[in-house]
Structure formats: C-alpha cells, structure tokens
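To keep things clear, I will list the structure first and then write my remarks on it.
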Amino acid sequence: MFKEYLTVREISGPLVLVEEVEGVKYDELIEITAPDGSLRRGRVLEVHEDKALVQLFEGATGIDIYRTRVRFLGRGIEIGLSLDMLGRVFDGMGRVRDDGPPIIPEITLDINGSPINPYSRDYPSEFIQTGISAIDGLNTLVRGQKLPIFSGSGLPHARVAAQIVRQAKVLGKEEKFAVVFAGMGITFEEADFFLKSFEKGVALSRTVVFLNLADDPSIERIATPRVALTCAEYLAFYKDMHVLVILLDMTNYCEALREISAARKEVPGRRGYPGYMYTDLASIYERAGRIKGKKGSITQMPILTMPEDDKTHPIPDLTGYITEGQIILSRSLHRKGIYPPIDVLPSLSRLKDRGIGKGKTREDHADLFNQLFSAYAHGKEVQELAVILGEESLSELDRIYYKFAEIFEEVYVNQGEYEERSIEETLDLGWKLLTLLPQSELKRVRPEFIEKYLPKEKFTPERGG
C-alpha cells in the first residue's frame, strides 16, 4: 500500500510542492486526489531532502493545499505493449484513442528505455525505400539511421511525413516492417489529415499512431516521443521488426520543454530554452539504431519546423549535432509549386554510402548521385550568375547546365503526393536526365556504367521521358 500525504504546501500553475515526504525518486509517477474526489496524475520533477516538486499532467484546477491527498506510486511512467497495437491510435501517454478495445499487454516497459551499450551497437548499413526520389536517390535513408527533416511554417512537411508513412519499405528478402508515428502539439485538423491519409492502402495496418494534440498538457508532450520509442523498441528488439519512427513536430516538444523549465524558474539558456536541451534531445534521438545479435532496427525521422526558417536556431542546431544529416525543405521550391520541396544541395545523409551500391540499391547509385549533385550544383550557380550578369552573358555550356537545373527540379525532385517511385525508377530517371548534358561532362561516372545505363536518346520531358 502506498503512503498518502496531506502536506501540499504550494501550488503554482501545474507545479505542486509536497513536503515531509520519504523515499521519493526523480521521475516517479504520482496520483493526486482533489477535494472533489477527482484523480489527477503527475510526475516528480525534483527532490530535495524531504520536499518533492511535482508536475501535474491535467493541471491544478480545483486543488487546494489543505484537503488534497498525494500518493507516490514508486515507479516511472510505463506503457503496456503488444503486437495488437499495430493499426491502433493512442494519445500521447499511450492510452487508447480510437474506438477499439483496450490493449492486453504482453509486457510493460518504462518509457525512458534502457541505455544501449555503445559496444553493442551495429553500424547502419541497409537501405530503406521511401518512394521519394530526392531522398532515395540523393539523401538515402539507411536502417538504424536518424535523419531529421528541417521544415518551416507553412511548408508541406505534414504531407511529406504522411507520404513516407504510406510508402516506406525495406527491400530484399521478406522482412517484418512497421511504422511508429508520434504527433506532438499538432492541431485536430492535422491529426484528422494523418489518420485519413494512413487509412489509404495498408499504411494504418502496420502503423502505431500516438497523437498529442495542441490543447493537451505540455507534460504529456514531453512523454509522447518516449512512449512512441518504447513501442518501437518493443517491436524492433522483442519482435524482430524493422521500425521507422516519425516524430512530428520536435519544435512543439522543445517549446513544451521551455515552458516547463520556465515554470520551474530554471536559469534559461539560448533563446530561453533550458541549458540541458541538448542532453534531453540526445536521450530521444540516440534511441535509434541496431544492436548486434538482434534482427530488428529502429530508424528515426524527426521533423521540426525551424522558427523563421533559421537553421542556427537552437532546435535545428542541436538536432543537427546529434543526428546523421538533415533533409531541408525549401520555401523557394515550394513557391515554384515543386512537391516535395526538398533542397538537395544543403540536405545531407551522412550514412548514405553505407546503404547504397550493389546488392543494396544498384551498382551505379554512388556514381550517379555524384554526377547529378555536381550537375545540379553547377546549374544553380549558373542561374545565380544569370541574375547578376544576364542570360546573354552565359556560354553555350552554361545554358545547358541552366536548363538542366530547371528540368531536374521539375522532373526529378517534383513528384506527386501519391506517386511512389521504386529505387530502380529513381535511378533510371537520373540517367535520363544525364542525357541532357554532353557526354564529355559525365566525369564522375565510370565509363562502363555510362555504356550500360545511359539511354541512347536524349530525354525530352514533354514526352514524359
């Protein structure tokens, strides 16, 4: 039986100070019984001698310092897990949100997870196909990688996330694949969009959805990615599945972190965010990976909206330090009507070389990527030069590269929201685009690959290739 305390001394917003406590631990779960008999839950934020600072999940309305009873449960936040969670929708704390029956757990795990011994980690080395050419061809996602998407307000990151959930798959021999989607601080309209999008095809049946809406408590938002990752760890390391985790929007998560830090009157760091935000984000991102001797893997794609499109803002800045690259959505491409508006030049997948090549994608992938990237970069430089000096000043070769950059964006980067391209289609499309350049300019591709894969006819977008 857990001991109850009637020693609430102070209430400030969602924070409650309880005195004369014994044996209380950091992050311990608590239950508070208000004078009207309603039950609230929370967790311990801080312990000092016989005092415990508690944060409530549901707010402090109706609680007073004289008649409120506090009970410490002796454990952290836990979630019951089962394969029956696939195809189901839960709230940010792992409670059933759809109309289905409650989950009968096979195992119950603490949401903070267990640290992975670095020596036990296996290097990410296998390809995950998203069906999006700008990712698969140029910024390849690898099993066990953490590859964030940097977006901005008003850009279609929600549509890109939904498309990845619908289309993502592992290639080769038949392997079990699942998606865990966690929405943090999203609006009701966004949640409705995701659920309707996942219901198309087989996406929802292999997906576990956790939704923390904008009007849900901030403390729940802090728990949501950890609940989702605990579910992913169960599927990956207990059930040998390859799991893709999409976390949207990490900016809302960090805002909740700042809100809680301010309520605790902590000394703020950069732009008011807590100084421990790097460590906190690392405790989420580092739960991706592969473990030696285990068949399963966890791949993460956190999505964040950069405030004022600023890459130096603390959230994208710290995320970039911890993760293995970034995919950046471009506002200028979005204005041109390009979807998905992925800016391939500043985007980077640091592990792509481990996931491409013979037996994984195709033998020509690395050479083709280098040639396409080089040609597009040259074309963008020429376009910038033309703005300053005028198109008349361009040489004949410069004009070819100018046109190449335009067609590359319109044909290769641009694709339908429900258009799924296999890796073979993406690579073949890249070779078609290289026919727009003189063969003497293909200096980054081996001659045997040119002979084998380069089409004999010049690509004409009007004919659809």
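Only a predicted model underlies this, so the values are computations on that prediction, with no experimental measurement involved.
- With 3.5 Å as the limit, one finds a donor-acceptor pair spanning the side chains of Asp280 and Tyr253.
- Between atom OH of residue Tyr376 and atom CD of residue Glu381 there is a gap of 12.0 Å, rounded to the nearest 0.5 Å.
- A tilted orientation is assigned to the rings of Phe369 and Phe373, their planes being inclined by 30° to 60°.
- A side-chain donor-acceptor contact under 3.5 Å links Thr319 to the backbone of Ile315.
- In this structure, the side chain to side chain contact (heavy atoms under 4.5 Å, CB included) partners of Ala162, at least two apart in sequence or on a different chain, are Arg166, Phe193, Phe194, Ser197, Phe198.
- Counted within 6.0 Å of OH on Tyr321, heavy atoms from surrounding residues, nucleotides or ligands total 12 or fewer; the atom is thus considered open.
- Ring to ring, Tyr273 and His313 are close: their centroids are under 6.0 angstrom apart.
- Within a 6.0 Å sphere centred on CZ of Phe188, other residues, nucleotides and ligands contribute 12 heavy atoms or fewer.
- Taking a 6.0 Å sphere around CD1 of Ile107, one finds it holds more than 12 heavy atoms contributed by other residues, nucleotides or ligands.
- Annotation: the span from Ile135 atom CD1 to Gln129 atom CD amounts to 11.5 Å, rounded to 0.5 Å.
- Residues Lys25 and Val47 are not in side-chain contact: their nearest non-hydrogen atoms beyond the backbone lie 4.5 Å or more apart.
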* Would you please test Arg421 and Asp136 for salt bridge (charged side-chain N to carboxylate O under 4.0 Å, His left out) and show each step? => CA-CA 9 Å; Arg421 293 179 187 162; Asp136 294 346; over 6 Å; no
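- Arg40 places a side-chain N or O within donor-acceptor distance of the main-chain N or O of Thr61, the cut-off being under 3.5 Å.
- At least one donor-acceptor pair under 3.5 Å links the side chain of His365 to the backbone N or O of Gly137.
- Note on Arg271 versus Asp310: salt bridge recorded, some NZ/NE/NH1/NH2 to OD/OE distance being below 4.0 Å.
- Expressed to the nearest 0.5 Å, how far NZ of Lys3 lies from CD of Glu22 amounts to 4.0 Å.
- Taking the side chain as every heavy atom from C-beta outward, Thr305 and Ser153 never approach each other to under 4.5 Å.
- The CG atom of Leu6 sits 12.0 Å away from atom CD1 of Ile65, with the distance rounded to the nearest 0.5 Å.
- A salt bridge (Lys or Arg N to Asp or Glu O under 4.0 Å) check over residues 5-16, counting only residues at least two apart or in different chains, returns the pairs Arg9-Glu19, Arg9-Glu20.
- Taking 4.0 Å as the cut-off between side-chain N and carboxylate O, Glu420 and Lys169 count as a salt-bridged pair.
- Annotation: side chain of Leu213 is in contact with side chain of Ile186 (closest heavy-atom distance under 4.5 Å).
- Around atom CZ of Arg444, no more than 12 heavy atoms belonging to other residues, nucleotides or ligands sit under 6.0 Å away.
- A donor-acceptor pair under 3.5 Å links the side-chain atoms of Thr187 to the main chain of Glu190, judged by distance alone.
- The distance from the CG atom of Leu147 to the CG atom of Leu348 is 8.5 Å, given to the nearest 0.5 Å.
- Under a 4.0 Å N-O distance rule, the pair Lys292/Asp122 does not qualify as a salt bridge.
- With Glu233 as the fixed residue, the salt bridge (Lys or Arg N to Asp or Glu O under 4.0 Å) test singles out one of Lys239, Arg287, Lys294, Arg290: Arg287.
- A donor and an acceptor atom, one from each side chain of Glu106 and Tyr238, are nowhere located under 3.5 Å apart.
- The distance from the CD atom of Glu126 to the OG1 atom of Thr299 is 9.5 Å, given to the nearest 0.5 Å.
- Although no hydrogens or angles enter the test, the distance criterion places a donor-acceptor pair under 3.5 Å between the side chain of Thr207 and the main chain of Ala203.
- Under 3.5 Å, the side chains of Glu78 and Thr108 contain no donor-acceptor pair of N or O atoms.
- A salt bridge links Glu255 with Arg258: the closest approach of a Lys/Arg side-chain nitrogen to an acidic carboxylate oxygen falls below 4.0 angstrom.
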* To do: For Thr312 and Asp317, run side-chain contact (heavy atoms from CB on, under 4.5 Å): C-alpha distance rounded to whole Å, both residues' side-chain angles, the deciding distance at 0.1 Å, then the answer.
  => CA-CA 5 Å; Thr312 66; Asp317 189 33; 5.7 Å; no
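- No side-chain donor from either of Arg143 and Ser297 sits under 3.5 Å from a side-chain acceptor of the other.
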* To do: Evaluate the criterion salt bridge (charged side-chain N to carboxylate O under 4.0 Å, His left out) for residue pair Lys51 and Glu46; output intermediate values, then yes/no.
  => CA-CA 8 Å; Lys51 300 177 180 65; Glu46 201 171 313; over 6 Å; no
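- A 4.5 Å side-chain heavy-atom check between Ile132 and Ile342 finds at least one atom pair inside the cut-off.
- Residue pairs meeting the salt bridge (Lys or Arg N to Asp or Glu O under 4.0 Å) criterion with at least one partner in residues 336-358, sequence neighbours excluded, are Lys336-Glu409.
- Put simply, the side chain of Met250 reaches to within 4.5 Å of the side chain of Leu281, judged on heavy atoms.
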* **side-chain contact (heavy atoms from CB on, under 4.5 Å) evaluation trace for Leu244 with Ile164** => CA-CA 10 Å; Leu244 175 63; Ile164 291 171; 3.8 Å; yes
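- At least one side-chain heavy atom of Met85 sits less than 4.5 Å from a side-chain heavy atom of Phe210.
- Listed here is the closest heavy atom pair of Glu28 and Gly23: OE1-O, 4.2 Å.
- Proximity of Val180 to Ile298: side-chain heavy atoms (C-beta onward) are nowhere separated by under 4.5 Å.
- With salt bridges taken as basic N to acidic carboxylate O contacts below 4.0 Å, none links Arg88 and Asp84.
- With Asp216 contributing its side chain and Gly185 its backbone, the two residues share no donor-acceptor pair below 3.5 Å.
- Counting only distance, with no hydrogens or angles, the side chain of Asp98 and the backbone of Val89 share a donor-acceptor pair below 3.5 Å.
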